[in-house]
2 protein chains.
Amino acid sequence: MTKSLKDKTLQEQVYENLKLGLLNGEFKPGVSVTIRGLAEELGVSAMPIREALRRLTTERALVLTPTGRVRVPCMTRKKLNQLVSARICLEKQAAIDAIPYIDDEMIEALSLLNDEIDQCIERNDYQAYLQKHRRFHFTLYQAAPSDVFMPLIESVWLQVSPFLSLTLSLEHLQSYNT
Amino acid sequence: MTKSLKDKTLQEQVYENLKLGLLNGEFKPGVSVTIRGLAEELGVSAMPIREALRRLTTERALVLTPTGRVRVPCMTRKKLNQLVSARICLEKQAAIDAIPYIDDEMIEALSLLNDEIDQCIERNDYQAYLQKHRRFHFTLYQAAPSDVFMPLIESVWLQVSPFLSLTLSLEHLQSYNT
DNA sequence: ATCCAGTTTTTGTGATCACAAATATTGCCA
DNA sequence: TGGCAATATTTGTGATCACAAAAACTGGAT
């Protein structure tokens with residue numbers, strides 16, 4: 001577990017950890033995560049895990065089965081359409097709001113990220129591509145600090161990421177041909 | 001506590017209960033809510049309250065102070081602008097998506113709600129007005145069942161509602177003249 | 001009366017436990 | 001060998017406890 005000690009509570013650390021894992025595609029759609037399993041894996045008790053999972057479930061990054069078990073959600077065609085639709089309207093607005101805050105320094109940073117993205121594509125490093133790609137977008141949106149749009153956008157990304165990362169192992173994609 | 005027994009877990013019941021309370025303006029901005037306080041008030045132990053509060057905090061319906069205490073968030077001019085902006089782009093899309101699903105029965109229901117809203121305005125029943133107003137919007141958006149847009153929209157409403165309900169007691173509004 | 005140090009109370013966090021329900025495993029019979 | 005019932009295990013939920021930090025309260029000195 002990557003401890004960033006500035007985070008106060010254990011629950012917060014676990015949450016950040018799992019969130020990053022989700023965004024980086026370390027959890028495949030359909031697999032179920034258990035409290036005790038993660039507790040042992042991360043070396044903490046059940047409580048911080050419970051609360052972190054509850055948080056991620058609230059953000060729709062994870063879903064609850066009818067019996068209360070937690071799993072990484074699977075993608076459907078309809079849901080993907082809605083997520084794309086949500087991304088478009090939310091991030092369009094976030095980008096517009098960011099415009100006044102864009103200075104030369106930020107353009108420099110974004111330009112660098114864009115170059116790095118190109119390099120990732122050249123060496124077919126899709127894993128790194130997804131991370132740089134995410135960083136590019138979030139850097140832009142965070143230019144205009146917004147406690148309203150950022151959580152909404154993050155929730156959408158958390159819902160898309162596990163599916164998007166499936167392209168890292170293309171053989172699984174056939175499950176989604178409906 | 002209003003128990004709807006079809007809800008399975010205690011945590012779920014507490015969550016729904018608090019959410020409704022937030023939407024109906026039963027919690028004023030700035031007041032802090034405590035785990036033990038609610039536990040005693042609702043007659044349950046601390047655990048379900050903890051998880052419900054964690055959920056509502058994740059949805060930004062409640063906020064965490066730097067010391068971990070939970071309170072009903074205060075409104076700022078900037079935040080209100082962003083919330084309105086978010087409502088416009090999210091609910092605009094939700095309404096568009098709903099169009100194909102609107103049938104005569106739904107038009108009837110919406111029309112009835114609209115009449116009830118008018119009546120609320122006539123008798124200056126702002127409390128009831130807010131509820132009918134909310135029901136009108138959510139009835140429309142839920143026409144196209146979306147597990148993506150509804151939670152996002154709900155989060156925005158949860159953030160606006162406590163402030164909106166302040167108009168129920170106008171004397172508090174002067175706190176927000178900045 | 002006002003301010004501040006010292007004390008008491010309240011609070012969130014994390015750990016652990018009992019319990020019932022859901023799930024996985026086993027072993028038997030056809 | 002394949003299906004199914006009985007058993008064993010795993011799981012989430014809710015309760016309770018200890019602890020440290022934060023907040024509220026108290027009392028006296030200026």
Side-chain angles (χ1 to χ4, degrees), chain A residues 1-19 21-22 26-74, chain B residues 1-19 21-22 27-74 151:
Chain A
M1 172 173 176
T2 317
K3 287 199 182 184
S4 44
L5 289 174
K6 62 185 188 313
D7 290 336
K8 241 184 39 179
T9 68
L10 263 181
Q11 170 268 131
E12 183 81 19
Q13 296 173 38
V14 171
Y15 168 75
E16 297 289 349
N17 200 312
L18 295 179
K19 185 163 79 170
L22 255 345
E26 293 166 19
F27 298 87
K28 291 200 192 309
V31 311
S32 56
V33 295
T34 64
I35 295 176
R36 288 172 173 87
L38 283 175
E40 189 177 1
E41 186 178 338
L42 301 183
V44 298
S45 86
M47 281 300 311
I49 309 283
R50 272 174 79 163
E51 306 217 323
L53 290 185
R54 189 70 73 190
R55 256 174 104 174
L56 290 166
T57 300
T58 301
E59 289 177 296
R60 298 298 203 274
L62 299 171
V63 291
L64 244 56
T65 70
T67 63
R69 268 159 172 83
V70 179
R71 53 175 42 186
V72 185
C74 288
Chain B
M1 172 173 176
T2 318
K3 285 198 183 184
S4 42
L5 290 175
K6 61 185 190 309
D7 291 334
K8 243 185 36 178
T9 68
L10 261 181
Q11 171 267 131
E12 184 80 20
Q13 296 174 38
V14 171
Y15 168 75
E16 295 291 348
N17 199 314
L18 293 179
K19 186 164 79 170
L22 254 344
F27 298 87
K28 291 198 193 311
V31 310
S32 56
V33 294
T34 64
I35 295 177
R36 288 173 175 86
L38 283 176
E40 190 176 2
E41 185 177 339
L42 301 183
V44 298
S45 86
M47 281 301 310
I49 308 283
R50 271 174 79 164
E51 306 216 326
L53 291 185
R54 189 69 73 191
R55 255 173 105 175
L56 290 166
T57 300
T58 301
E59 289 178 295
R60 299 298 205 272
L62 299 171
V63 290
L64 243 56
T65 69
T67 63
R69 268 159 173 83
V70 179
R71 52 174 44 186
V72 185
C74 289

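All figures in this text were calculated on a predicted structure; none of them were measured in a lab.
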Original post:
Over how many whole Å does the gap from I49(A) atom CD1 to dG12(D) atom C1' extend?
Top reply: 14 Å
Original post:
With nearest nucleotides of DNA chain D determined for G68(A) and M47(A) from heavy-atom distances, which residue corresponds to the more 5′ nucleotide?
Top reply: G68(A)
Subject >> Length of the CG-P vector between L10(A) and dC19(D), whole Å >> reply: 18 Å
Original post:
How far apart are the C-alpha atoms of L22(A) and K19(A), what are their side-chain angles, what is the distance that settles it, and do they pass the side-chain contact (heavy atoms from CB on, under 4.5 Å) test?
Top reply: CA-CA 5 Å; L22(A) 255 345; K19(A) 185 163 79 170; 5.6 Å; no
Subject >> Interatomic distance where CZ belongs to R54(A) and P belongs to dT13(C) [whole Å] >> reply: 15 Å
Subject >> R69(A) side chain near L64(A) side chain, heavy-atom distance below 4.5 Å >> reply: no
Subject >> E16(A)/Q11(A) under side-chain contact (heavy atoms from CB on, under 4.5 Å): CA gap, chis, key distance, verdict >> reply: CA-CA 9 Å; E16(A) 297 289 349; Q11(A) 170 268 131; over 6 Å; no
**OP:** Quick one: pull up CG in L38(B) and CZ in R36(B) and give me the separation to the nearest 0.5 Å.
**Re:** 12.5 Å
Original post:
Checking all strands, does Q11(A) fall into the base, sugar-phosphate, or nothing category for heavy-atom contacts under 4.0 angstrom?
Top reply: sugar-phosphate
Subject >> Short side-chain N/O contact to dG12(D) OP1/OP2 from T67(A), under 4.0 Å >> reply: no
**OP:** Check whether any side-chain heavy atom of V70(B) lies under 4.5 Å from a side-chain heavy atom of V63(B), and answer yes or no.
**Re:** no
Original post:
Within this structure, what is the CG-to-P distance between L53(B) and dG14(D), rounded to whole angstrom?
Top reply: 14 Å
Original post:
With a 4.5 Å limit on heavy-atom distance, are the side chains of T34(A) and I49(A) in contact?
Top reply: no
**OP:** Please list residues of residues 58-66 of chain A whose heavy atoms come under 4.0 Å from any atom in DNA chain D, ordered by number; otherwise none.
**Re:** none
Please write out each protein N/O paired with an N/O of nucleotides 8-11 of chain C under 3.5 Å, distance rounded to 0.1 Å.
| from | atom 1 | to | atom 2 | distance (Å) |
| --- | --- | --- | --- | --- |
| dT11(C) | O4' | R69(B) | NH2 | 3.2 |

Original post:
Do R55(A) and E12(A) have side chains that get closer than 4.5 Å, going by heavy atoms?
Top reply: yes
**OP:** Mind checking side chain to side chain donor-acceptor pair (under 3.5 Å) for E59(B) and listing every partner two or more places apart, or none if nothing turns up?
**Re:** Y15(B)
Subject >> Nearest listed nucleotide, side chain of S45(A), among dA15(D), dA15(C), dT13(C) >> reply: dA15(C)
Subject >> Spacing between K8(A) atom NZ and dA21(D) atom C1', to the nearest angstrom >> reply: 8 Å
**OP:** Round to the nearest Å and state the distance from E51(A) atom CD to dA15(C) atom C1'.
**Re:** 12 Å
Subject >> Spacing between E12(A) atom CD and dG14(C) atom C1', to the nearest angstrom >> reply: 15 Å
Original post:
To the nearest angstrom, how far is L38(A) atom CG from dG12(D) atom P?
Top reply: 9 Å
Original post:
Nearest to the side chain of R50(B), which nucleotide is it out of dA15(C), dT16(C), dG14(D)?
Top reply: dA15(C)
**OP:** Can you establish whether the number of heavy atoms outside E26(A) located under 6.0 Å from its atom CD is more than 12?
**Re:** yes
